[in-house]
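On a predicted model such as this, the values are computed, not experimentally measured, just so you know. Values reported hereafter were calculated over all heavy atoms of this structure, with side chains retained and with hydrogens, waters and symmetry mates removed. All residue numbers refer to positions in the sequence shown, counting from 1.
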Amino acid sequence: GSPNTETGFVSSGTVGTASHTWTTSGSKQVTVRAIDIESAASEWSTALSVTISAPPVTPFTPSGPASGLPGTSLTYSTSATDPDGNTLRYTFDWGDGTPQTTTGFVFSGVTTSASHAWTTSGTYQVKAMATDSTGLSSGWSANFTVTINRNPNTPSAPTGPAAGMAMISYTYSASATDLDGQQVRYTFDWGDGSALTTTSYVASGQSGSALHAWSSTGTYAVRVRAEDSMGGQSAWSTALSVSIASSPSDLVISDLVVPQQMAQGATVTLLEAISNISTSGSSSCTVSYSLTSSGGIVTPIGSRTLPALTG
């Protein structure tokens with residue numbers, strides 16, 4: 001055992017005091033004897049039994065749902081062992097400033113659970129501590145992160161052109177509100193297998209827009225979803241059907257007749273033959289005209305819309 005501890009000399013009948021720290025748990029037998037100034041010693045006293053307990057081992061990180069809705073009760077579990085085999089109870093801290101939850105006593109090593117409902121959206125750190133039946137407590141466990149959040153409302157179908165031409169960019173917009181008032185951003189699915197387009201964050205309820213150009217003709221289902229600043233996502237919206245026809249680059253304009261000489265301010269009539277128009281259905285296109293002088297100066301002179309053709 002450890003060395004004996006001796007006090008200083010005191011008057012006969014005066015209480016002497018000593019302190020000791022045990023490094024191991026268990027039952028310890030403490031005895032004492034008196035020694036006078038002449039070194040005469042008494043017999044050892046009857047032993048005082050002292051039980052030394054070790055605190056519980058720090059509990060495992062709580063386990064349970066990593067996300068949930070405000071007001072919904074969620075359950076979390078943990079366990080720990082006590083070196084002395086004492087029974088344990090657990091205290092859960094929910095990270096939201098509300099009172100901690102303490103369980104009843106269970107046997108060492110038995111998993112114990114507690115439930116909690118957070119009232120507001122946010123990110124919370126859940127931790128647990130074990131206390132044995134002698135009152136000794138462990139340290140706090142590692143934190144378990146829980147995200148409480150309500151997803152944004154599902155946006156309506158995107159708004160924008162329902163028809164267009166290949167290789168031309170069109171703008172589509174959508175809006176949604178977040179139940180917690182968080183900022184939202186929008187992700188557009190263009191229905192053609194291309195990469196999704198995600199906007200920057202905007203205020204809840206504010207619309208977001210994105211551009212897209214389809215590379216080939218066809219009918220595409222454009223849809224959108226909203227995501228709040230905590231990562232909560234809405235469902236995909238109803239799709240907007242967009243019909244894409246051939247681009248104006250398919251047009252061949254030939255036999256353009258321009259007078260070689262004209263008076264200043266005179267009206268000029270351009271005669272052209274247009275072929276290879278492969279647009280169909282309700283699609284149409286606009287053709288713009290300009291003149292390039294011998295000096296390289298380009299002068300716009302107008303445009304006109306070609307009606308939809310079939311066949």
Side-chain angles (χ1 to χ4, degrees), residues 55-83 85-156 174-187 189 196 198-199 201-206 223-237:
V57 175
T58 300
F60 290 106
T61 303
S63 60
S67 61
L69 296 172
T72 301
S73 182
L74 304 175
T75 300
Y76 297 87
S77 302
T78 191
S79 67
T81 56
D82 186 80
N86 295 321
T87 57
L88 299 174
R89 63 181 179 182
Y90 299 89
T91 299
F92 288 82
D93 186 294
W94 307 110
D96 58 357
T98 59
Q100 297 168 342
T101 300
T102 300
T103 70
F105 281 103
V106 296
F107 290 115
S108 173
V110 173
T111 298
T112 306
S113 301
S115 298
H116 185 68
W118 289 268
T119 58
T120 57
S121 293
T123 300
Y124 302 95
Q125 305 298 325
V126 178
K127 58 185 179 180
M129 176 178 67
T131 302
D132 68 19
S133 55
T134 69
L136 295 177
S137 295
S138 70
W140 287 101
S141 71
N143 291 331
F144 180 74
T145 301
V146 179
T147 300
I148 301 299
N149 187 37
R150 291 181 292 182
N151 293 335
N153 290 323
T154 302
S156 300
S175 65
T177 55
D178 184 75
L179 296 175
D180 302 307
Q182 300 170 34
Q183 288 187 317
V184 293
R185 64 180 179 180
Y186 303 97
T187 298
D189 182 341
L196 305 178
T198 300
T199 69
Y201 281 106
V202 297
S204 173
Q206 183 176 331
R223 56 183 186 161
V224 63
R225 71 183 177 199
E227 179 182 350
D228 65 26
S229 56
M230 291 186 66
Q233 294 181 343
S234 71
W236 286 102
S237 70

Subject >> Contact summary for Y90 and T112, nearest pair of heavy atoms >> reply: CE1-OG1, 3.5 Å

Original post:
At their closest point, which heavy atom of P55 faces which heavy atom of P83, and how far apart are they?
Top reply: O-CD, 3.2 Å

Original post:
Is there a donor-acceptor contact under 3.5 Å from the side chain of S234 to the main chain of A226?
Top reply: yes

**OP:** For the pair T101 (side chain) and F92 (backbone), establish whether a donor and an acceptor sit closer than 3.5 Å, ignoring hydrogens and angles.
**Re:** no

Subject >> Non-hydrogen atoms of S77 and T111 that approach each other most closely >> reply: CB-CG2, 3.8 Å

Original post:
Is a side-chain N or O of D180 found less than 3.5 angstrom from the main chain of Q182, in a donor-acceptor match?
Top reply: no

Original post:
What closest approach, in Å, do M230 and I148 show between heavy atoms, and which atom pair accounts for it?
Top reply: CE-O, 3.8 Å

Original post:
Is a side-chain donor or acceptor of S138 paired with a backbone partner of A130 at a separation under 3.5 angstrom?
Top reply: yes

Original post:
Between S237 and T154, do the side chains contain an N or O donor and an N or O acceptor separated by less than 3.5 Å?
Top reply: no

Subject >> Main-chain N/O of A128 paired with S141 side-chain donor or acceptor, under 3.5 Å >> reply: yes

Original post:
In terms of side-chain heavy atoms, does S175 have a donor or acceptor partner in Q206 at a distance below 3.5 Å?
Top reply: no

Subject >> Identified ring pair (Phe, Tyr, Trp, His ring centres under 6.0 Å) counterpart of Y124 within the set W94, Y76, W118 >> reply: W118

**OP:** Give a yes or no on whether the backbone of V202 and the side-chain of Y186 come within a donor-acceptor separation of less than 3.5 Å.
**Re:** no

**OP:** Using side-chain contact (heavy atoms from CB on, under 4.5 Å) as the criterion, point out the one residue from D178, N153, T177 that pairs with V184.
**Re:** D178

Original post:
If you look at every heavy atom in P56 and L136, which pair is closest and at what distance?
Top reply: CD-O, 3.3 Å

Subject >> R223/D189 salt bridge by N-O under 4.0 Å criterion >> reply: yes

Original post:
For the side chain of S115 and the backbone of S73, is there at least one donor-acceptor N/O pair under 3.5 Å apart?
Top reply: no

